[in-house]
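Okay, so here's the structure we're looking at.
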There are 6 protein chains.
Amino acid sequence: MKKNIETFLGCDKEWSAANIVIFGAPFDSTASYRPGSRFAPKTMRGESYGLETYSPYQDKDLAEDAAVFDGGDLELTFGDTQQALDDIYDYAKNILSAEKKPFLIGGEHLVSLPAIKATYEKYPALRLIHFDAHTDLRDDYLGAKLSHATVIRRVHDFLGDGRIFQFGIRSGEREEFAWAKQHTNLRKFDFIGLEDTVAALNKYPVYLTVDLDVLDPAAFCGTGTPEAGGVTFKELMTAIMCVMRTGNVVACDMTELAPPLDVSGASTATALKILREMLLAW
Amino acid sequence: MKKNIETFLGCDKEWSAANIVIFGAPFDSTASYRPGSRFAPKTMRGESYGLETYSPYQDKDLAEDAAVFDGGDLELTFGDTQQALDDIYDYAKNILSAEKKPFLIGGEHLVSLPAIKATYEKYPALRLIHFDAHTDLRDDYLGAKLSHATVIRRVHDFLGDGRIFQFGIRSGEREEFAWAKQHTNLRKFDFIGLEDTVAALNKYPVYLTVDLDVLDPAAFCGTGTPEAGGVTFKELMTAIMCVMRTGNVVACDMTELAPPLDVSGASTATALKILREMLLAW
Amino acid sequence: MKKNIETFLGCDKEWSAANIVIFGAPFDSTASYRPGSRFAPKTMRGESYGLETYSPYQDKDLAEDAAVFDGGDLELTFGDTQQALDDIYDYAKNILSAEKKPFLIGGEHLVSLPAIKATYEKYPALRLIHFDAHTDLRDDYLGAKLSHATVIRRVHDFLGDGRIFQFGIRSGEREEFAWAKQHTNLRKFDFIGLEDTVAALNKYPVYLTVDLDVLDPAAFCGTGTPEAGGVTFKELMTAIMCVMRTGNVVACDMTELAPPLDVSGASTATALKILREMLLAW
Amino acid sequence: MKKNIETFLGCDKEWSAANIVIFGAPFDSTASYRPGSRFAPKTMRGESYGLETYSPYQDKDLAEDAAVFDGGDLELTFGDTQQALDDIYDYAKNILSAEKKPFLIGGEHLVSLPAIKATYEKYPALRLIHFDAHTDLRDDYLGAKLSHATVIRRVHDFLGDGRIFQFGIRSGEREEFAWAKQHTNLRKFDFIGLEDTVAALNKYPVYLTVDLDVLDPAAFCGTGTPEAGGVTFKELMTAIMCVMRTGNVVACDMTELAPPLDVSGASTATALKILREMLLAW
Amino acid sequence: MKKNIETFLGCDKEWSAANIVIFGAPFDSTASYRPGSRFAPKTMRGESYGLETYSPYQDKDLAEDAAVFDGGDLELTFGDTQQALDDIYDYAKNILSAEKKPFLIGGEHLVSLPAIKATYEKYPALRLIHFDAHTDLRDDYLGAKLSHATVIRRVHDFLGDGRIFQFGIRSGEREEFAWAKQHTNLRKFDFIGLEDTVAALNKYPVYLTVDLDVLDPAAFCGTGTPEAGGVTFKELMTAIMCVMRTGNVVACDMTELAPPLDVSGASTATALKILREMLLAW
Amino acid sequence: MKKNIETFLGCDKEWSAANIVIFGAPFDSTASYRPGSRFAPKTMRGESYGLETYSPYQDKDLAEDAAVFDGGDLELTFGDTQQALDDIYDYAKNILSAEKKPFLIGGEHLVSLPAIKATYEKYPALRLIHFDAHTDLRDDYLGAKLSHATVIRRVHDFLGDGRIFQFGIRSGEREEFAWAKQHTNLRKFDFIGLEDTVAALNKYPVYLTVDLDVLDPAAFCGTGTPEAGGVTFKELMTAIMCVMRTGNVVACDMTELAPPLDVSGASTATALKILREMLLAW
């Protein structure tokens, strides 16, 4: 008799047969406002049965046209941020060592840091494309260097100037926007210029990090710090297709879904659809 | 002293004076994911007092410019699908026999099947216009022939090829989309082509079935399987006006509002406004 | 790399090593009032990580002192009641054939019917102990013979007079209470007499069916038809220990947790604790 | 064809045939903390279909053993307290003039004031029995003389000393408790002494006003100002039976259910059961 | 040791140093449908810590580029509408007397009435710009002259013909729209014509009253009477900038956020962002 | 004009005049299951206006019979546990240095650790009385030494054997209960023996730490890990009075209220009442 095994719908390949590995990082300890993103991977897995594996957008099917292994969720320590990040780092490292592509599902945005680090170590020429409502460029937040509000700044610590491309940004401190002018390429509010950026990066390995709060709260209210004035679902889909289809994305992630904040379930369903389309376009 | 009688706001004509009859089918037994549409007719009735009877869109008033009888809600058996469908069929039949036009309020989408059947028996040249996020074209769902996921396929069983016109579809299995190519006219994602379709059907009796999840979850999160990428409220209103004003709509329905899933009440209010506009445009 | 396998906490024995098999029947199609019990097995599994495997009540540990296989959840058809009951029947039959003891997790109370039937076929001298707020003795409900409101009446169809022992009952129609006087042993409101009943049944195989709404809503509001005036958690625990420790319980079940109705999660946590104690006492 | 008429379950007698008239006063404008009791009558009516008409406590059935007319809900002005109270007064007056007994369903506790006034005018020897968590004896509240927090003080204005009997009280200002010592009979926390009170009042017409927050929040969390340390459902049932069966209750009410505050529905179900038992015992 | 003082984020100037004073009017007693706007000022204050003080739209910062005193919330009597309005009037009067600009935060829309009155008394040439889904032009509502549904009609009582400019209106009775044709300038559905209106009013003092339900429910479901078909957040922002930057706005308000109706918190966050932008643009 | 200052109701003494200082520690980063206790101090403050300052239990009034300074909430770093604990430690130290008594409001239970440590350093003979559902005696939790699940074990690190007295415990690992037998005095399930313990400790300074989940979920569902089988509100009140009135309590705390998990507000109201009674009894 078969046991009940819960994976993301259609992500049921064996490790050896897969070229993409998805895994969850259920961590939200540094969330300063409303926690809840820790429940995202588990809730997405459980709700994925409401989604079709087939995409009418791309005429592809997860069950047939993708080779994805679901690595499950890491069991992370709450309250010890460094330890949690180390565990994520190790898992991402393993995936990359096996010449597979990691797709991390947060958790808060800070979980992207170790995944980007591990990817950078394998691909030293790495560029980062960053979709978000927030700059995430503080140097510290209430004294903490490791925080959802500092994650891109920490990435800059090793990636350096000119390698970070931010889109959809509409919230941050004056200092963050000023700092971005010197060190990153920041596009406010929308995705204008993305196509050119993608074209210009076609020689480089790319990591795409999607903080789902880049979406307008109308489309996605299940997130800790909803920011009005965001992009629509269709705009995000177009932007994601633009990046994922280029062929040089070596790793990616999706963060900041907080399922308890959208009791209708629509935000989780939307995240799942974005996940499906990203996997199929990859 | 008068008793408390709760009807949809403004739908208070006598049976004999009415040319339209609305009635509720509070049934959601085949809902595979999240039930709740059973509560739609009752909740809509109760909340209708928050709506004005007057439409500034059409400059008409339900209390003055329409003749609608509210037949109340059918008392349907849960767990015996065939019996429930038979009861809906009988009631629709009664309305049509009295030369009135039925407007069914679901419930899950499967409740449309007997209403379309009864209408088809009166109008053998019937055409179906179908607004939905889902194809609803499976031949069976987990072994069941009667399911919210098979309803349009079951309609095809008697209506046949070339008589079903689907709009807004953005979810289904690969096989369903392939099957649609042979047997129905399916428009993905939006309403492009609707005007031409309506014009081409101007000689035929038309049944309009509106699965409210055709709306984007931003506009309507109170439904069991929200699908991002849908149409806006304004697009749906335009599409509905386009169909309802043609003069040859002989019956219609509205399904899949699940009030418990949108605790803000906005989805119910939106469904009520669509109901008002459909009744006034008819 | 290990996959994510979600079982009830501590119920991780292999099939061959287990003497108890738990399995979920996520079905609530006949729920006439508020559905939601379909989500019970899945939610209980997911939330079981908040529970300790050790019981300070019995000084036993699920991981060490029990041998339970988690069979997962059956994939049941919604809307075709007979088909769903047949699938449950088949699974229970399998467990019993392997000389193991089935523990069914509902779903609505109707799912108990096929499990009791299968157990009765193996143990023709079977007696039923029934904890519930409701008599469940209607002959039909809105015309349906198979319903959560008729389940014990359907059990009586094959079990016959004098073999059903009901406790905690506080809701039903006048006719049901009158019928019970002729055909079952019904104790209103509480568990008085349970010890004597258990003693008197010590020669017979016993099936224990626990409709969790026997609990007072103060202790358990996450159920479709909460009935004030019920038993406390401690009273239920005492009653369950009284039955489960006798040695002649051959099968049991637990039904009618509806997780969406108790957003605090306390009802799910309570159901899990009862499950743990039942398994450890068995 | 019959229209949909929604009444409290089993309260379907004609006006002429009824000796009890229930009516709703959906008013909560003076609620200083959390409103919501305005929704109580409507929600209770809608949910009453989940309740049996038969009481196993009293072996009586609302459909057979009571003659209750449901007068529906008054359409009250919000924001004009005096006007709302006048409308309630008029309706209660009508019922009493027809030699029937009024049973008012709030709404906030202030709605009791005009009903008690009307009853007092018909029965000048009236005594008031008051179950509540709060004294409701302030002389004004934030400057307002008419408030849920002053209602019993306003009743005292015409009823005078020694005629008000309060039970279950566990919240109020020091001044209120001091004032009660002079003017009312106040029993803190529980119902001790109620039987003696009832016996002593057997020559007088009695009005019973039940603020449902007399219940402990464990049993009834759906109320605007839950106060821990209250009575259990069983204690309240015993107390209510004690009063209602005496034969000299001429009017009564039940207030302060706020359905939106208990999303499980258990508080509404509990209020309905208390209503059923009060009607059957009357 | 410092005490905990909670103000709107960044609105921490001293009274003497401020040229704008924000204050809350937590009143919703005339809400006929769903109350909850009483909680808006308090919830906005509490949640304001999730917002940045810096606006990337205007490149200004509340902490540096504005001089706002937070006057806290008025302690208003519930149930005595006139008294509550008088208290609001007095406070607005005080602010205006000190040659500061009042920014009122509701509460239901009726709270605007005394603030507009006080402003009109200081600026007799006052014009009103009104963003709303509803006309608010009834002469009475269920008999009450003072109601959220009559507020603009009451303003007209003293302001007179031709001085009220309404935008975004999409709900009301036929009579209200007819009345508007004679007495106000009403633009249905959107902001077309606003720029011209603003230009034409450049010689007059202007009061801007924003009923937040002018927004589409997709963007703002946390309000008592959500009306589909509204403006987007970006459209509202553009409209607000258009008015606030003209230099002749002497007072303004924002009403009808009902935080309990949007449990995701997105509506409150959106209201806060609009508040920030209005303050910075002023 | 006065600013809006929000304190716990009645806790409005100046620092110099107070002998008790309450302060909030809004921290829940190590919560492994459901976070939310971070919102407790702020929510309690905001909701405290629904509570009376007068206690009919003790005939005392917070405004007249207590001298409490409300120190507000500490601004704690999320994700850096040690830093957060250090900040709590410093504040507790300050209070104790000023010869005042600290009353800490969590937050998760881990926040008690630095407060107990600071108290111990001032009173080396300190004894700890611990009310909880959980032993909290793990040596580490998922590798972390500092966790809500290890807090009493960490206290034992400096307090040593025989000085910790635990009551109401009903959840933990087998090893924790075994360890308790050697090192603490642990009473399962209830408060039996508490009076004797209090009497025996009458020569020692006592710290009382109350994890509110010691209450049964019926009385208190707003907590992260509800455990059925707990004590009633009245039992807890009696136990608290027994300890607080002895005269030798030098510090105390209350933790693990998670307001978002009880949307009715009853758990917050209950916590507030316990706080009031503890302050008045102290």
Side-chain angles (χ1 to χ4, degrees), chain C residues 31-36 132-138 141-142 148-149 166 168-181 186-190 213 215-233 235 257-268, chain D residues 9-10 43-44 46-66 212 215-222 226 228 230-238 240-241 254 257 259-278 280:
Chain C
S32 50
Y33 196 52
R34 289 184 205 233
D132 203 332
H134 307 88
T135 60
D136 290 357
L137 291 173
R138 299 191 189 208
Y141 186 67
L142 297 178
H148 65 102
Q166 304 181 282
I169 311 298
R170 57 193 184 277
S171 183
E173 296 187 310
R174 179 171 264 165
E175 292 68 26
E176 293 178 85
F177 282 93
W179 193 89
K181 283 212 175 111
L186 184 155
R187 170 72 199 174
K188 284 197 292 194
F189 307 132
D190 54 36
D213 68 19
L215 283 164
D216 193 80
F220 195 81
C221 66
T223 192
T225 45
E227 297 279 351
V231 303
T232 66
F233 172 77
E235 288 167 342
L257 165 67
L261 298 176
D262 181 359
V263 292
S264 77
S267 295
T268 298
Chain D
L9 189 67
T43 306
M44 287 175 71
E47 302 285 296
S48 70
Y49 292 87
L51 192 77
E52 302 284 351
T53 54
Y54 173 72
S55 163
Y57 296 90
Q58 305 189 50
D59 190 19
K60 289 188 194 163
D61 195 301
L62 269 184
E64 301 163 5
D65 305 318
L212 288 164
L215 283 164
D216 192 80
F220 195 80
C221 67
V231 302
T232 66
F233 173 76
K234 289 176 187 175
E235 288 168 342
L236 179 57
M237 284 284 276
T238 302
I240 279 172
M241 291 299 105
M254 167 189 291
L257 166 67
L261 298 177
D262 181 0
V263 292
S264 77
S267 296
T268 298
T270 298
L272 281 164
K273 189 172 277 187
I274 294 170
L275 173 62
R276 181 186 75 194
E277 298 299 323
M278 288 177 76
L280 288 174

Do the side chains of D:Leu62 and D:Leu280 get nearer than 4.5 Å, heavy atoms only? yes
Ionic contact status for C:Arg174 with D:Asp65, cut-off 4.0 Å: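 So D:Asp65 pairs with C:Arg174 through a salt bridge.
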Check each atom of D:Asp262 against the heavy atoms of chain C and say whether the ones under 4.5 Å are side chain, backbone, both or neither. neither
Turns out that what part of D:Glu64 lies under 4.5 Å from chain C's heavy atoms comes down to side chain
Taking the six-membered ring for Trp and the single ring otherwise, decide whether the centroids of C:Phe189 and D:Tyr57 are under 6.0 Å apart.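 Yes; D:Tyr57 has its ring centre under 6.0 Å from that of C:Phe189.
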Taking C:Gly222, C:Gly172, C:Pro260 one by one, which has the highest count of heavy-atom pairs under 4.5 Å against chain D?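 Sorted descending by pairs with chain D, the first entry is C:Gly172.
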Are D:Ser55 and D:Glu277 linked by a side-chain donor-acceptor pair shorter than 3.5 Å? yes
